There are 2 protein chains.
Amino acid sequence: MYSYTEENYLKTIYKLSEQGNQSINTNSIAEVLQTKAASVTDMIKKLADKKLLNYEKYKGVALTEKGRKVAVDTVRKHRLWECFLYDKLKFGWDEVHEIAEQLEHINSELLTDKLEEFLDFPTHDPHGDPIPTKNGVIKKSNFILLCDAKPNQILVMSGVADHTAVFLQHLNKISVVLGTEIQITEKNDYDGSIAVKLSGIKSMYFSKDVAKNILVKVK
Amino acid sequence: MYSYTEENYLKTIYKLSEQGNQSINTNSIAEVLQTKAASVTDMIKKLADKKLLNYEKYKGVALTEKGRKVAVDTVRKHRLWECFLYDKLKFGWDEVHEIAEQLEHINSELLTDKLEEFLDFPTHDPHGDPIPTKNGVIKKSNFILLCDAKPNQILVMSGVADHTAVFLQHLNKISVVLGTEIQITEKNDYDGSIAVKLSGIKSMYFSKDVAKNILVKVK
DNA sequence: ACATTTTTTTAGGCAAGCCTAAAAAAATTT
DNA sequence: AAATTTTTTTAGGCTTGCCTAAAAAAATGT
Ligand SMILES: [Mn+2]
Ligand SMILES: [Mn+2]
Ligand SMILES: [Mn+2]
Ligand SMILES: [Mn+2]
């Protein structure tokens, strides 16, 4: 139906608009897709012709409902494949994204549905991100940043704000995975670092850089 | 490494050369790939530049060892994915090929290896075709055509010569699947049809068209 | 308000992969 | 051996998606 490239543009625009931005500008799309602004202008004209987004010269773009559906479906496939790679093939959570970038473009509705069933209808991917339903509904997670959480509560590690492999590998190293219980024992205003207790036993310090990229919910 | 299109050309040339043809001509490639001879000439020049095949004007092409390796690896991925779709996702054997045509181009050696392990190192795909090893070794099956088999022996259905969905669906209809035991009770020279007994009980007639597309081995 | 900087678009061009029509070579028929 | 048919290649052109350089518009600074 849509090309690999078209799906990637739509997905990028969708993600940028989820990050608050109302209208998405050319340069930010170019940056995410590692391409040039001129190429973005070319493509958004084509996507606008296909009614996948609304575009006014010099005013940025916004997805139409049709475009949003394609984008969300691509995200759905991406996250389902990440679950498959993580749960079934035993890839690490730092390895799944790159392969899912390829798999998300496989075009077969029946395959997506059967995959979902095979995985037992997962609600979140290995990074804690919600999996959109077949109808394009995506549940907004109410996770908070660990750096914004109150001390002493028992928090459950539920997602990441930084999806890079290096960050995920760092979390492996410090034994923080989805489901790990975290209790903030002390907050340092000076550098934003925090002292935590993991699983009620292991005491550690997290730098601000780490604390601001971990998503938690109160148990 | 190689594009979707390049892999498809190499796979097609490989399969044509497996079918006996020593040197592969332009028209036969065009026919399989549903394209024009002129497009084939374009592409084989590029593949020859990349040392994936040897090409002499008007003389046809033959894969180099490098080209054969790419082709066999694509076949390996295709058949492993067919196993996944059939064994794990419960697709019918008539449905798996089309989706595997997409999945075979996913580029990750680690993925292929982990998939193979997850499937418990299958030796044959859902159509009875052998799965090449990681090093490119492909075991030649010594199956014979049902129409060439001797009467009264107990034969085991082991593969198909016709891979089309309609033929596979017809086999479903007449309850012939991989592993079904077939005994020829009578051969009719006039029209090539045969009388058979399935699983030692069910008597049926197979037309020549059916009998010549079923591969069996003697039990 | 005007000048400068940044962002975006336009213009023109390139590679991959495809096409049709025409030319050239090879194979077949007479 | 010559004529005809078939196969293959060449020539030229199209679309997609990308690029650089230049022009135009918008945003920012003074
Ligand atoms: Mn991902
Ligand atoms: Mn993810
Ligand atoms: Mn197949
Ligand atoms: Mn097969």
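Order of the sequence lines fixes the chain letters, A, B, ..., with proteins taken first and strands second; residue numbering starts at 1 for each chain. Excluded from the calculations below are hydrogen atoms, water molecules and symmetry mates; all remaining heavy atoms, backbone and side chain alike, are included. As the structure is a prediction and not an experimental result, all values here were calculated from the model.
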>> Protein within reach of the bases, or only the backbone? For nucleotides 12-17 of chain D, mark each nucleotide 5' to 3' as B, S or -, using heavy atoms under 4.0 Å.
In response: ----SB
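- Contacts of B:N107 classified as side-chain hydrogen bond (donor to acceptor under 3.5 Å, both in side chains), with partners at least two apart in sequence or in another chain: none.
- A salt bridge (charged side-chain N to carboxylate O under 4.0 Å, His left out) check over residues 86-100 of chain A, counting only residues at least two apart or in different chains, returns nothing.
- B:L10 has its side chain out of reach of B:E7: every pair of non-hydrogen atoms, C-beta onward, lies at least 4.5 Å apart.
- Shown here are the side-chain hydrogen bond (donor to acceptor under 3.5 Å, both in side chains) partners of A:H124, two or more places apart in sequence or in another chain: there are none.
- A:Y4 meets the ring pair (Phe, Tyr, Trp, His ring centres under 6.0 Å) test with A:H105; sequence neighbours excluded.
- For the ring pair (Phe, Tyr, Trp, His ring centres under 6.0 Å) test, no residue two or more places apart in sequence or in another chain qualifies with A:H170.
- Whole-Å rounding puts the B:I29 CD1 to C:dC18 P distance at 12 Å.
- Considering only residues two or more places apart in sequence or on other chains, B:R68 meets the side-chain hydrogen bond (donor to acceptor under 3.5 Å, both in side chains) condition with none of them.
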Could you list, one pair per line, each protein nitrogen or oxygen that sits under 3.5 Å from a nitrogen or oxygen of nucleotides 6-8 of chain D, together with the distance?
residue, atom, partner, partner atom, Å
D:dT8, OP1, B:N25, ND2, 3.4
D:dT8, OP2, B:N27, N, 3.0
D:dT8, OP2, B:N27, ND2, 3.4

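- Applying the salt bridge (Lys or Arg N to Asp or Glu O under 4.0 Å) test to B:K212 and every residue at least two apart in sequence or in another chain returns B:D209.
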